[in-house]
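Working notes for the structure below.
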Amino acid sequence: MSAFAVPSPADLGAAVLARLDELASITDEPGKITRLYLSKSHRRAVTLVESWMRDAGMSVRLDPLATLIGTYPGSNPDAPHLLLGSHIDSVRDAGRYDGTLGVVSAIEIVRQLNAAGQRLPFGLTVLAFGDEEGVRFPSTLTGSAAVAGRFNPKILDEKGEDGITRRMALAEFGCPEGDPAAPWQGQSGLGYLELHIEQGPVLEAENRPVGLVTAIQGVTRGSCRIVGLAGHAGTVPMAMRRDALSAAAEMVLAVERIGRETAGLVATIGQLRVPGASVNTIPGAVEFSLDFRSEIDAVRKEAEARIRQAIEAVAAARKVEANLAYTYEAPASECDPGLRLTMAEAAESVVQKPIRLLPSGAGHDAMSFRGKLPFMMLFVRSKAGISHSPDEFTSEADLGIATATLFRAVLDLAKKHD
Ligand code: GLV
Ligand code: MN
Ligand code: MN
């Protein structure tokens, strides 16, 4: 590999931000950023990112679960690949940096290498995953799981909130049929690197532009349907009611209490639906979601049991039916110590001071690679720790520092591999 200098953080920051802004204009809700998995806006985002990948010198394909895969071969076309990436789907009313940064920064690195005619001793594969947020279907991280060799065909028959199965949505999206298992398992993949915004307040509080992730906490998701008895709001005496919404309210507070009282656990009910509600009807049925996480799998498993008991106790006391199902789980996943060392050296050379280690509270595509391929994540500072909100913000200067760090790490790995 001939000498190649990483471009300045200022240039990288400007290039990355221009593309983040362009992606932010692709949405299903005008005035907001809402780009759910397999939606029309996700399709438009794939088309745009595909054109960026091609312009950067990659060959591109869409896999059967709508992961966009760009490849830039190494100096030897049979060389193994280093994987870089993140996701281009979003939550509803999202920010512009979550996920997109990891994709756009990786494309910029390949673009620069290609423009300089530079090949590395390994190939680079850039992955733009589509199902990281898991907002539309019960399971999540399905694209990265398949790429890592963990495809579970049962997910194809899962139905989303709109009653459409994943299989139907994938066909409508234009995904090719076939086995989504990708060729980067075992021998041919070197590792996976993901740059992501922190989505928390730690780096800003300590005045640090970037940090190194130690591990990603495990998660359990579920849904619960409460069935009581609908009735007239004016005629049924209070003592004779089986109000599903009042029962759900007690359950929400019970889940919050378990989250507050259990060290190392966070527990959230983010969605509550009262189907067919009217102002003058006692709610007969309610549905809510559950999401709880811990860095320690035993803590999360114990919470699964305690939350179930708490929900069943409220249901029994209020004479309603509770159908709780845990629909998705992923264990805590540790980043690779060797890749962490490479990333630390790269970050120190860019930032010129020791770099902080921190765990990830949010889930990421990187966790799909646990036990399959070494992976490492780099975090960049988020303003006020805000994410999953239009107020999400990372400065152009920090975007540049983070992209320069990722670039440096890729080149350092290339040197070690030469
Ligand atoms: C994704 O942002 C998640 O952690 O749920
Ligand atoms: Mn994300
Ligand atoms: Mn997110």
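Keep in mind the model is a prediction, meaning the values are calculated, not measured. In listed order, ligands and their atoms are each counted from 1.
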Study note, to complete from the structure: Heavy-atom closest pair (Ala247 atom, Ile226 atom, distance to 0.1 Å) is CB-CG2, 4.3 Å
Practice item. Is it possible for you to check whether Arg119 lies under 6.0 Å from the centre of the six-membered ring of Tyr72, through NZ or CZ, and within 45° of that ring's axis? Key: yes
Point to revise | Heavy-atom pair of closest approach, residues Ala330 and Met367 | key: CB-CE, 3.8 Å
Check your understanding: How are the rings of Phe369 and Phe129 set to each other: parallel, tilted or perpendicular (split at 30° and 60°)?
Key -> tilted
Review point. Hey, is Asp131 close enough to Arg166 for a salt bridge, meaning N to O under 4.0 Å?
Key: yes
Study note, to complete from the structure: Counting heavy atoms under 4.0 Å, the part of His388 that contacts ligand 1 is side chain
Point to revise | the Mn ion (ligand 3) neighbourhood, protein N/O/S only, threshold under 2.8 Å | key: Asp98 OD2, Glu133 OE1, Glu133 OE2, His388 NE2
**Study point:** Check against side-chain hydrogen bond (donor to acceptor under 3.5 Å, both in side chains), Glu108 and Thr403
**Key:** CA-CA 9 Å; Glu108 181 59 18; Thr403 305; over 6 Å; no
**Study point:** Phe407/Phe4 under ring pair (Phe, Tyr, Trp, His ring centres under 6.0 Å): CA gap, chis, key distance, verdict
**Key:** CA-CA 11 Å; Phe407 209 155; Phe4 176 85; 5.7 Å; yes
Revision key, fill the gap. Contact region, Glu133 to ligand 1, non-hydrogen atoms below 4.0 Å, reads side chain
Check your understanding: Hey, does Ala362 come in under 3.5 Å of ligand 1, counting only N/O atoms on both sides?
Key -> no
Review point. Of all the heavy atoms in Arg221, does at least one lie under 4.0 Å from an atom in ligand 1?
Key: yes
Review point. Is it the side chain, the backbone, both or neither of His196 that has a heavy atom closer than 4.0 Å to ligand 1?
Key: neither
Review point. Do the rings of Tyr97 and Phe393 sit parallel, tilted or perpendicular, given the 30° and 60° boundaries?
Key: perpendicular
Practice item. Would you mind checking which non-hydrogen protein atom is closest to atom 3 (C) of ligand 1, with the distance to 0.1 Å? Key: Arg293 NH2, 3.4 Å
**Study point:** Intermediate values then yes/no, salt bridge (charged side-chain N to carboxylate O under 4.0 Å, His left out), Glu161 and Arg92
**Key:** CA-CA 14 Å; Glu161 291 166 8; Arg92 297 189 174 92; 3.1 Å; yes
